[in-house]
Amino acid sequence: MNQIKVLSDNLINKIAAGEVLERPSSAVKELVENSIDASATKIKVHVRNGGKTEIRVSDNGHGLSQKDLELALKRHATSKLSIENFSNIKTLGFRGEALPSIASVSEMTIQSNDKFDQDGIMIEISSGNLKKIRPVNQSKGTQVSVKNLFFYTPARLKFLKSENYESLLIKRTIQKLALSYHRIEFSLLMNGKEIIKTNPIHKESYFQSLENRVSEVLGKEFVENTLKLDETVDNFRLRGLIGLPTFNHSNNNNQFVYVNGRAINDKSINVIFRLAYRDLISFDRYPQLILFIECPPSEVDINVHPAKSEVRFQSINHLRSLIIRTFNETFSKSGLRTNTLNTRKAVSKINSNFSYQKELTLKEKSYNQGYFQNPESKFFLKKSSEEDKIYPLGFARSQFHNTYVISETKTGIIIVDQHAAHERIVYEKLKKDYYNKDVKTQILLIPVIIDLEKIILDNLKGLYKISSRYGLEMDQFGNSSVIVREIPYILTDCDVKKLALDVIDELIENKNTKRIEKQIDSICSRMSCHGSIRAGRELQVDEMNDLLRKIEETPFSAQCNHGRPTYVELKLKDIEKLFGRK
Ligand code: ADP
Ligand code: MG
């Protein structure tokens, strides 16, 4: 039988490294977090070859004495944890694992100085073995260099991806930290090229400094297309910038979530965002947002995983309803706002068409001009400026291609997609009426009979009473059909058969599978398609203005049920730019 042996420290560290260090970006995270914990105000990160060849982090933090530096490399040696603060940890690190783990799978050099006026100390370790300690010329602070990470652990090395991919993860790591620590100056260089540079922020209000940092790190657009959120309820404070529903993304990479300043990556929170944006965004798109959750340390367990990116909340249900409610309130309060990206896209599109048009022949030009004076486009009377204040979406000027309503506002023009906008209005109305148990119906003069397969009829048993709550009165008729007797009043002009079939589909598909609110959303959504003013229908002026007024009154009406915008706004200054006036 094999003899049992206690593992050597070096071996234990290599095992721990497997957990703490998944890839170069994890080493970057650990080292920068150490700099933050050391109260640094400047942190520089250099990486080469996606961090695979070298990672160098330098800071102006409090530094380490020779004695502490030697200790820091020992396993479970930390200055941050004691029995007193065990359940009230304020630092990012506390497990004392990062330095020994990294040292065990790389060639590491640390130079540090905890004084202003003397030499610092340098230590060199290779694969966990101490090579050298000597004095070094180093100002107050610490510099850690990690070369050839995983070079001697080929199994892990094999899992690393391309330089580009690893670089991207490192960039995201620094972005996340920079979004949370506004007072620290971060810089990230990759193969000598500056990728991120932030300025320190002092004095300004919380949102000024947050928005400033977000612009530096993620770009101006992120600020322009998000709404401010700041709510405190019971033990929780939620703050941040939450994306307009139309400012969505193909994955959840742009959801930055922090708990007490620590960036986390928690699936249960991502699911909550889905719920909060449930009927505002199509199911395959993701909102973009930054959310800082602050709560007493006792509300959350951060010690779930060595990398500390997963957490466990004591009262996740409470947090869930809090997020959903505050997000929805923020959307409603914001009233009418649509994604500025659309405007920008439109403007740049028109600009590029313009340069193309320059090359058109004269004949084509005059044809184009004729087109814009198309007698079919309708222009209407001017309104008084008093009314602007009351009506943010202005007044309908014309309808183009029987699909878009153009309205004039004080600050520009608005182009409304009549179908998308109306669909949203009908949807919200159906939902509101449903919740208020106030669905007005219209009895059909001639009931509509729809033949269905037996298996569908069997499935429908017991579901008719559900559809009647939505104002769709139907019942089995004979052995092979259903009869529709009443429809919601708001859907008066719809194709009853198509409507009923759609609802039947939805009822059967989601029988018992969806939560009740979800069912309400999807049934109302299906029904709203049928009541909508179709694209291609000519509208009278009062119908157009009626539509604008209803958009103004309807919550979340800047996007349709599928997350597409219902209108875009062109500001006068954008239009002036097009004509070279500004
Ligand atoms: P932890 O951060 O969990 O304490 P680490 O292994 O990352 O564990 O670091 C061990 C100790 O080394 C820290 O507790 C801290 O005292 C010290 N240390 C690490 N990095 C720095 C730094 N950049 N500046 C000052 N002290 C540092
Ligand atoms: Mg640490």
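In listed order, ligands and their atoms are each counted from 1.
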Would you say the side-chain atoms of Asn328 pair up with the backbone N or O of Arg325, donor to acceptor, closer than 3.5 Å?
-> no
May I ask whether Glu30 has any heavy atom positioned less than 4.0 angstrom from an atom of ligand 1?
-> no
Residues that Glu299 engages under salt bridge (charged side-chain N to carboxylate O under 4.0 Å, His left out), provided they are two or more places apart = none
Pairs involving residues 204-238, ordered by first then second residue, that meet ring-ring contact (aromatic ring centres under 6.0 Å, His included) (sequence neighbours left out) | Phe222-Phe247, Phe236-His318
Can Phe331 and Tyr277 be said to form a ring-ring contact (aromatic ring centres under 6.0 Å, His included), step by step?
-> CA-CA 10 Å; Phe331 298 141; Tyr277 281 80; 5.0 Å; yes
Can you list the ligand 1 atoms lying under 4.0 Å from a non-hydrogen atom of His62?
-> 25 (C), 26 (N)
Looking at Ile110, Leu99, Leu31, Thr91, the heavy atom closest to atom 9 (O) of ligand 1 belongs to Leu99
Per-atom contacts, ligand 1 versus Ala77 - under 4.0 Å to a heavy atom | 10 (C)
Could you establish whether Gly96 and ligand 1 come within less than 4.0 Å of each other, counting only heavy atoms on the residue side?
-> yes
With a 4.0 Å cut-off on heavy atoms, does Gly141 reach ligand 1?
-> no
Quick note on ligand 1: atoms under 4.0 Å from a heavy atom of Gly93 include exactly 2 (O), 3 (O)
Which option, Leu81, Ile43, Leu73, Thr142, owns the non-hydrogen atom nearest atom 24 (N) of ligand 1?
-> Thr142
If you count the atoms of ligand 1 from 1 in the order shown, which ones are under 4.0 Å from a heavy atom of Thr78?
-> 1 (P), 4 (O), 14 (O)
Would Asn225 and Lys220 count as having a side-chain donor-acceptor pair, cut-off 3.5 Å?
-> no
Relative to the heavy atoms of Ala38, which atoms of ligand 1 are at a distance of less than 4.0 Å?
-> 24 (N), 25 (C)
Any N/O/S atom, backbone or side chain, of Thr78 lying under 2.8 Å from the Mg ion (ligand 2)?
-> no
Check whether any N or O atom of Asp59, backbone or side chain, sits under 3.5 Å from an N or O atom of ligand 1, and answer yes or no.
-> yes
Is the closest side-chain donor-acceptor distance between Glu163 and Asn191 under 3.5 Å?
-> yes
Atoms of ligand 1 less than 4.0 Å from Pro100 heavy atoms?
-> 6 (O)
Considering the heavy atoms of Phe94, write down every atom of ligand 1 situated less than 4.0 Å from one of them.
-> 1 (P), 3 (O)
Presence of salt bridge, Asp59 and Lys44, under 4.0 angstrom = no
Counting heavy atoms not belonging to Lys431, are there more than 12 under 6.0 Å from its NZ?
-> yes
Applying the side chain to side chain contact (heavy atoms under 4.5 Å, CB included) test to Leu238, which of Thr232, Val233, Thr330, Leu291 qualifies?
-> Leu291
Below 4.0 Å from any atom of ligand 1, is there a heavy atom belonging to Ser101?
-> no
